[in-house]
Asks: 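Supplied in structure tokens, the structure appears directly below.
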Amino acid sequence: MNDIVLKNVSKSFGENEVLKDLSLTFPAGKVTALMGASGTGKTTTLSLLLKLIAPDAGTVTGLPEKEAAVFQEDRLFEDFSVLSNLTAVTGQTEDVIREGLESLGLSDAANEKAKVLSGGMKRRVAILRALLSDYELLVLDEPFKGLDEELRKTTAEYLLQKNAGRTVVMVTHDPAEAELLGAEIIRLS
Amino acid sequence: MKKIVITENQKKLLAALTLLALWQAAAMLLGNRILLASPIDVVRRLFTIWKEEGFAASLGTSFLHIASGFLLAFLLGTVLAFLAGRVHTVEIFLAPLMLTIKSVPVASFIIIALVWLSSAKLATFISFLMVLPVIYNNVLAGVKGIGRKMLEVAEVFRMSSGKRFRYIWIPQIKPYLLSGCSTALGMAWKSGIAAEVIGIPRNSIGENLYLAKAYFNTTDLFAWTVIIVLISLLFEKAFLALLKYLFTLNER
């Protein structure tokens with residue numbers, strides 16, 4: 001595992017320059033939280049880390065081959081059951097998936113279609129999908145959105161246990177969320 | 001006083017019965033079966049027509065020709081729409097062809113195709129031609145309407161092409177394909193029978209319609225028309241039910 005290093009990175013969308021000469025280091029095996037006001041390029045930075053976009057200038061080094069993400073929206077396969085959603089992406093056995101569902105209080109939802117789940121349930125399925133995947137870098141965009149305090153705590157504990165020391169980069173507006181994952185905070189301006 | 005409540009379906013039934021009554025009254029008023037057969041005559045004829053020699057063969061031949069034309073267009077239209085949705089050059093290349101098929105009157109196509117094809121193949125070709133742009137345009141709208149976000153999920157989680165197709169593309173085109181088929185199924189039968197009436201293949205519904213017209217047998221003409229509407233409706237319901245079932249299987 002290597003540190004992920006962004007060096008003098010710039011990125012524009014049309015006339016809108018979102019990142020300008022940004023240099024950052026995400027230490028390997030640590031949890032790092034990006035914070036900052038809207039429009040400071042947090043989600044754009046995550047997209048760079050996920051290789052969904054390329055920088056206009058500068059370099060991004062140390063990115064692993066295998067990544068997983070919890071996006072800002074849940075992005076589930078709405079017409080499919082929770083089990084199907086998880087097997088399709090993670091490739092894990094049904095037993096492993098059921099164990100994960102139980103840990104996040106979703107045992108009864110295994111055979112429900114994703115579209116009938118509540119917002120909080122969908123969020124936990126999206127988190128489980130990422131955690132059960134094979135990855136070296138986990139990217140989280142406001143991962144606990146829509147979860148109450150108790151669920152945030154249990155989900156964060158499960159996340160840290162399953163993540164087992166791999167590199168995590170998260171975006172959050174809430175310092176308490178960063179604290180739950182023991183993240184080092186980087187503020188973008 | 002108790003108020004009578006009439007449901008929507010009852011209103012529709014009432015409208016249909018009124019229309020039938022008007023038709024019966026007009027037929028009785030004219031008193032000429034060649035000019036206008038009455039609904040009672042048509043229903044009576046329906047009870048005897050199926051016993052005649054060649055009835056099943058006519059139904060079978062027309063069904064085979066039209067259904068195969070529809071299925072070919074369904075498959076090719078879907079494949080072409082996927083290609084066009086992913087490769088813009090293919091869309092540009094196919095645009096004038098699809099526009100031509102949509103704009104040229106079906107009668108022109110039938111007469112042109114009669115020069116090239118045997119009358120037996122005409123209905124298949126014409127049904128195929130009328131259905132192709134409908135399926136193509138509907139599926140293309142679905143393919144082009146795919147959100148970037150779900151494709152990003154597939155990218156990040158390194159999903160295989162097969163899984164992308166099953167979990168992202170099929171659910172995406174589902175409503176577009178169902179709506180396209182619903183429109184195209186009726187068109188396949190209308191255009192296919194029109195082709196048969198002009199091409200007159202042996203033992204077909206079109207041949208029976210043509211003979212009824214040639215012998216001024218208006219009752220038979222109406223009876224065959226009712227049969228076409230019934231088969232077309234049955235085929236539409238059965239095909240859409242099958243398609244929905246296949247989508248349900250995919251979602252398991």
Side-chain angles (χ1 to χ4, degrees), chain A residues 13 43-44 46-54 63-92 94 110-116 122 125-141 143 169, chain B residues 74 78-79 81-82 85-88 135 138-182 237 239-252:
Chain A
F13 296 99
T43 298
T44 304
L46 294 191
S47 295
L48 282 167
L49 296 179
L50 291 171
K51 294 174 244 167
L52 295 172
I53 54 171
L63 284 178
E65 195 189 322
K66 292 171 182 173
E67 299 172 321
V70 175
F71 296 92
Q72 205 168 51
E73 319 80 12
D74 305 310
R75 303 194 192 182
L76 301 178
F77 308 125
E78 296 282 319
D79 291 329
F80 291 82
S81 72
V82 168
L83 263 179
S84 284
N85 264 276
L86 296 169
T87 46
V89 168
T90 66
Q92 297 282 7
E94 196 176 317
N111 296 314
E112 298 287 345
K113 286 200 173 191
K115 63 183 170 193
V116 305
K122 283 184 179 182
V125 174
I127 291 170
L128 190 59
R129 178 175 70 178
L131 288 174
L132 294 181
S133 302
D134 181 18
Y135 68 87
E136 294 159 70
L137 167 66
L138 178 62
V139 169
L140 309 168
D141 199 347
V169 178
Chain B
F74 171 81
T78 307
V79 171
F82 262 103
R86 305 298 288 158
V87 185
H88 189 56
I135 299 291
N138 270 273
V139 178
L140 181 61
V143 174
K144 287 171 86 174
I146 185 90
R148 176 182 54 83
K149 291 178 175 175
M150 291 314 287
L151 295 177
E152 284 181 355
V153 172
E155 206 59 41
V156 167
F157 289 102
R158 306 169 299 282
M159 288 173 75
S160 66
S161 304
K163 280 184 175 173
R164 285 174 199 223
F165 189 68
R166 182 181 171 198
Y167 290 95
I168 298 173
W169 287 108
I170 292 184
Q172 169 66 21
I173 65 157
K174 179 173 130 179
Y176 296 90
L177 196 59
L178 285 171
S179 143
C181 284
S182 182
K237 299 281 175 211
F239 188 81
L240 289 177
L242 176 71
L243 206 56
K244 283 177 188 167
Y245 175 69
L246 290 176
F247 281 127
T248 314
L249 280 187
N250 179 59
E251 287 158 13
R252 271 183 195 166

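Throughout, protein chains are lettered first and strands after them, A, B, ... in sequence-line order, and every chain is numbered starting at 1.
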Asks: What part of B:K149 lies closer than 4.5 angstrom to a heavy atom of chain A: side chain, backbone, both or neither?
Replies: both
Asks: So which part of A:L76 gets closer than 4.5 Å to some heavy atom of chain B, the side chain, the backbone, both or neither?
Replies: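 For A:L76, backbone heavy atoms alone lie under 4.5 Å from chain B.
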Asks: Give me the ring orientation class for B:Y167 and A:F77: parallel if the planes are under 30° apart, tilted from 30 to 60°, perpendicular past 60°.
Replies: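 Because their plane-to-plane angle lies in the 30° to 60° range, the rings of B:Y167 and A:F77 count as tilted.
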Asks: Side-chain contact, heavy-atom cut-off 4.5 Å: B:E152 with A:L50?
Replies: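 Not touching, per the 4.5 Å side-chain cut-off.
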Asks: Go through the atoms of A:S84 and report whether side chain, backbone, both or neither lie under 4.5 Å from a heavy atom of chain B.
Replies: both
Asks: Could you tell me which portion of A:K51 (side chain, backbone, both or neither) has an atom closer than 4.5 angstrom to a non-hydrogen atom of chain B?
Replies: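 The answer is neither part of A:K51.
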Asks: If you draw a 6.0 Å radius around NZ in B:K237, do more than 12 non-hydrogen atoms from other residues or ligands fall strictly inside?
Replies: no
Asks: Over all heavy atoms of both residues, which pair between B:R158 and A:D134 is shortest? Give the atoms and the distance, please.
Replies: NH2-O, 2.6 Å
Asks: Residues two or more places apart in sequence or in another chain: which of them pass side-chain contact (heavy atoms from CB on, under 4.5 Å) with B:R166?
Replies: A:F80, B:N250
Asks: CZ of A:F13: more than 12 outside heavy atoms within 6.0 angstrom?
Replies: yes
Asks: With rounding to the nearest 0.5 Å, note down the distance linking CZ in A:F71 to CE in B:M150.
Replies: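 Reported to 0.5 Å precision, the distance equals 9.0 Å.
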Asks: If you tally heavy-atom pairs under 4.5 Å against chain B, which of A:S133, A:A69, A:G91 wins?
Replies: A:A69
Asks: Measure A:E73 against the heavy atoms of chain B and call it side chain, backbone, both or neither at under 4.5 Å.
Replies: side chain
Asks: Ignoring hydrogens, what is the shortest heavy-atom contact between B:K174 and A:D79? Give both atom names and the distance.
Replies: NZ-OD2, 4.4 Å
Asks: Under the side-chain contact (heavy atoms from CB on, under 4.5 Å) test, which residues partner B:L246, sequence neighbours left out?
Replies: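 side-chain contact (heavy atoms from CB on, under 4.5 Å) check on B:L246 returns B:L242, B:L249.
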Asks: To the nearest 0.5 Å, how far apart are OG in A:S81 and CZ in B:R252?
Replies: 11.5 Å
